[in-house]
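Beneath this line is the structure, given in structure tokens, with notes to follow.
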Amino acid sequence: MLTTSLRHCTNININLLVQSKRHILRQFSNLPKMCMCGTRYQRQTIFYRVHSTQSDHHRQKVIIETTAPKIVLNKQIKEDKKERDFRLFWRDKVDPYIKLARWDKPIGVYLLYFPSTWSIALASIPGNVDLYTSLHTAGLFLAGAGLMRGAGCTINDLWDRDIDKQVERTANRPLVAGLISEKQAIAFLALQLSLGLGILLQFNCYSVLLGASSMFFVITYPLAKRFTNYPQVYLGATFNWGALLGYSVLQGHLEPSVCVPLYIAAMAWTVLYDTIYAHQDKVDDSRIGVKSTALTFGEHTKPALTAALSISLAGFSLAGYAADLNVLYYAGLIAFAGHAGRQIYTLDTDNPADCAKKFKSNAVVGFIILMGILGGGYNKYMENREKFKGKDNLEATKSCLFG
């Protein structure tokens with residue numbers, strides 16, 4: 001019995017001791033605590049502050065990391081808006097004018113420019129003009145080719161906007177689609193012609209008059225398809241004016257034995273490639289009454305193109321002979337004959353895609369002829385430069401207005 005009483009007393013004391021310890025610990029936990037730095041803080045379950053430099057740095061880092069994505073997001077939104085606004089501006093305000101001038105299709109600029117380069121190269125062979133002047137002139141002609149080709153296309157679309165509506169290939173042009181008004185097109189044309197005039201005035205007076213005379217052809221060419229079955233011949237006369245102008249800019253005059261056959265050769269070449277081009281639209285042209293050599297030649301297109309190639313080769317040969325070019329030039333003519341002959345032989349006049357591909361390949365022809373002139377005339381040019389060293393013909397290359 002004594003043992004039982006002692007055991008019961010012990011259990012009571014132990015329980016009291018445990019409860020007292022828990023109470024003391026609970027009270028102790030609510031007392032203010034001391035930090036290592038000497039600051040007191042209250043230990044609580046939810047609200048507490050750790051007083052340390054490391055904690056403040058961490059809290060600042062959290063704030064920065066939390067707000068940075070928002071700043072980046074706002075910046076990205078602004079950049080996206082600028083990009084979207086630029087795309088809309090380009091699409092609505094700039095691109096229609098580029099398409100009106102066909103600057104998005106540079107093949108026309110190449111075909112207009114190459115005859116000028118042939119003429120400039122031939123005019124350089126006499127050696128009385130330095131290389132810088134020749135290259136500078138070629139650069140001006142490149143800018144002029146871009147402007148005048150754009151002006152020609154703008155004039156063409158102004159004349160033909162009613163016809164273009166009825167042709168599948170041209171139905172989406174800016175004037176037809178209403179992306180540009182007639183007044184805006186005329187203002188754009190005036191700008192191009194003004195810039196072109198600024199380039200023309202860099203040349204001698206003879207060349208200014210010669211270049212200005214081409215405007216009759218530029219303005220009236222779009223009408224040719226209404227009154228002649230050979231509008232491509234009219235285009236050749238217009239498009240290859242640079243074959244005359246390039247020579248006169250450097251020499252102050254035309255050399256008929258060189259310039260006339262070169263001009264005729266370039267015209268025949270234009271008839272060749274533009275007849276191929278015209279076969280794309282022959283169905284629509286026949287339906288609406290528009291004339292072209294594609295319709296005129298019809299089933300005899302390949303023999304007619306072969307004749308045009310023969311005339312072109314004869315003209316180039318005569319021009320090269322008059323300029324005293326060597327065998328490298330005639331090697332270039334053989335390459336031209338092979339390229340054009342293959343075009344004619346493999347041409348599918350009923351396949352618009354094939355016609356377009358072969359038309360575009362004529363940029364290679366322009367380069368072949370240019371390389372032939374440079375290679376065939378190099379030795380003679382170097383000999384003549386020695387003769388005229390220090391005696392350049394500055395009068396011929398002086399600007400009519402600014403000289």
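It should be emphasised that the depicted structure is a prediction, and the values quoted were computed from it without experimental measurement.
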Report the C-alpha distance between Leu158 and Ile186 in whole Å, list the side-chain angles of each, state the deciding distance to 0.1 Å, and finish with yes or no for side chain to side chain contact (heavy atoms under 4.5 Å, CB included).
-> CA-CA 8 Å; Leu158 284 168; Ile186 292 174; 4.1 Å; yes
Should we say atom NZ of Lys99 is surrounded by more than 12 heavy atoms from elsewhere, each under 6.0 Å from it?
-> no
Under 3.5 Å, side chain of Ser119 to main-chain N/O of Ser116, donor-acceptor pair present?
-> no
Pairing of Arg161 and Asp164 as salt bridge, 4.0 angstrom limit = no
Any idea how Phe188 and Trp103 line up, ring-wise: parallel (<30°), tilted (30 to 60°), or perpendicular (>60°)?
-> perpendicular
Taking every non-hydrogen atom, the tightest pair across Asn384 and Gly127 = CB-CA, 3.8 Å
Please name the pair of heavy atoms, one in Asn229 and one in Thr296, separated by the smallest distance, quoted to 0.1 Å.
-> O-OG1, 2.8 Å
Quick one: are Leu347 and Leu305 in side-chain contact, heavy atoms under 4.5 Å?
-> yes
Would you indicate whether the side-chain heavy atoms of Leu131 and Arg385 approach each other to under 4.5 Å?
-> no
Could you tell me if the ring centre of Trp269 sits under 6.0 Å from that of Phe316?
-> no
Output yes when a side-chain donor or acceptor of Ser207 lies under 3.5 Å from a complementary backbone atom of Val249, and no otherwise.
-> yes
Looking at CE of Met371 and CG of Leu374, how far apart are the two atoms once the value is rounded to the nearest 0.5 Å?
-> 4.5 Å
Asn326 side chain near Tyr378 side chain, heavy-atom distance below 4.5 Å = no
Atom SG in Cys153, atom CD in Gln192: separation rounded to 0.5 Å?
-> 9.0 Å
Ring center gap for Phe141 and Phe203 short of 6.0 angstrom = yes
Answer yes or no: is there a donor N or O on one side and an acceptor on the other, between the side chain of Glu386 and the main chain of Met382, under 3.5 Å?
-> no
Report the distance from atom CG of Leu100 to atom OG1 of Thr154, rounding to the nearest 0.5 Å.
-> 4.0 Å
Any pair with a residue in residues 152-173 that passes ring-ring contact (aromatic ring centres under 6.0 Å, His included), sequence neighbours left out, goes on the list, sorted by first then second residue, please.
-> none
Minimum heavy-atom distance Ser312-Ala265, with the two atoms named | OG-O, 3.0 Å
Side-chain donor or acceptor of Thr238 paired with backbone N/O of Tyr234 under 3.5 Å = yes
Closest approach of Pro303 to His300 (non-hydrogen atoms, all atoms of both residues) = CD-O, 3.2 Å
Tyr206 and Leu254, any side-chain heavy atoms less than 4.5 Å apart | yes
With a cut-off of 6.0 Å (strictly less than), are more than 12 heavy atoms of other residues, nucleotides or ligands near NZ of Lys302?
-> yes
Check whether any side-chain N or O of Asn204 sits under 3.5 Å from a backbone N or O of Ala396 as a donor-acceptor pair, and report yes or no.
-> yes
At what distance, to the nearest 0.5 angstrom, does CD of Gln232 lie from CD1 of Ile276?
-> 11.0 Å
Hey, does Phe227 have a side-chain heavy atom less than 4.5 Å from the side chain of Thr220?
-> no
Can a cation-pi geometry be assigned to Lys225 and Tyr221, taking NZ or CZ under 6.0 Å from the six-membered ring centre and within 45° of the ring axis?
-> yes
Under a 4.5 Å cut-off applied to non-hydrogen side-chain atoms, are Lys165 and Asp162 in contact?
-> yes
Counting N and O atoms only, with roles assigned by atom type, does the side chain of Ser292 sit under 3.5 Å from a partner on the main chain of Thr275, one being a donor and the other an acceptor?
-> no
Output the distance between atom OH (Tyr97) and atom CD (Gln184), rounded to the nearest 0.5 Å.
-> 3.5 Å
Step-by-step side chain to side chain contact (heavy atoms under 4.5 Å, CB included) determination, Gln280 to Glu168 | CA-CA 10 Å; Gln280 297 178 91; Glu168 182 180 357; over 6 Å; no
Side chain to side chain contact (heavy atoms under 4.5 Å, CB included) between Leu111 and Phe359: does it pass, once the steps are laid out?
-> CA-CA 10 Å; Leu111 296 176; Phe359 164 74; 3.7 Å; yes
Residues that Tyr345 engages under side-chain contact (heavy atoms from CB on, under 4.5 Å), provided they are two or more places apart | none
Looking only at heavy atoms, the pair that brings Ala268 and Ile311 closest together is CB-CG2, 3.9 Å
Judged by atom type as modelled, is there a donor-acceptor pair below 3.5 Å linking the side chain of Ser286 to the main-chain atoms of Val283?
-> no
Is it the case that more than 12 heavy atoms not belonging to Asn172 sit under 6.0 Å from its CG atom?
-> no
Any donor-acceptor pair under 3.5 Å from Asp354 side chain to Asp348 backbone = yes
Report the C-alpha distance between Leu122 and Leu325 in whole Å, list the side-chain angles of each, state the deciding distance to 0.1 Å, and finish with yes or no for side chain to side chain contact (heavy atoms under 4.5 Å, CB included).
-> CA-CA 9 Å; Leu122 289 170; Leu325 301 181; 4.0 Å; yes
Going by an N to O cut-off under 4.0 Å, is there a salt bridge joining Arg169 and Asp284?
-> no
Does atom OH of Tyr330 have more than 12 heavy-atom neighbours, drawn from other residues, nucleotides or ligands, at distances under 6.0 Å?
-> yes
Any salt bridge between Arg102 and Asp157, counting N to O under 4.0 Å?
-> yes
Heavy atoms only: give me the nearest Ile107-Lys360 pair and the separation to one decimal.
-> CD1-O, 3.4 Å
Option passing ring-ring contact (aromatic ring centres under 6.0 Å, His included) with Trp241 (candidates Tyr113, Phe217, Phe216) = Phe217
Determine yes or no for a side-chain-to-main-chain donor-acceptor pair under 3.5 angstrom, with Thr228 supplying the side chain and Ala224 the backbone.
-> no
Residues two or more places apart in sequence or in another chain: which of them pass salt bridge (charged side-chain N to carboxylate O under 4.0 Å, His left out) with Glu395?
-> Lys398
May I ask you to say whether Asp160 pairs ionically with Arg226, meaning some side-chain N is under 4.0 Å from a carboxylate O?
-> yes
Quick one: does Asp95's side chain get under 4.5 Å of Arg87's, heavy atoms only?
-> no
Using a distance-only test with no angle check, is there a side-chain donor-acceptor pair under 3.5 angstrom linking Ser134 and Ser124?
-> yes
If you measure from CG on Asp281 to CZ on Arg287, what distance do you get to the nearest 0.5 Å?
-> 10.5 Å
If we only count heavy atoms from C-beta on, is the Tyr277 to Asp274 side-chain gap below 4.5 Å?
-> yes
Are any side-chain N or O atoms of Trp118 and backbone N or O atoms of Gly366, one a donor and one an acceptor, separated by less than 3.5 Å?
-> yes
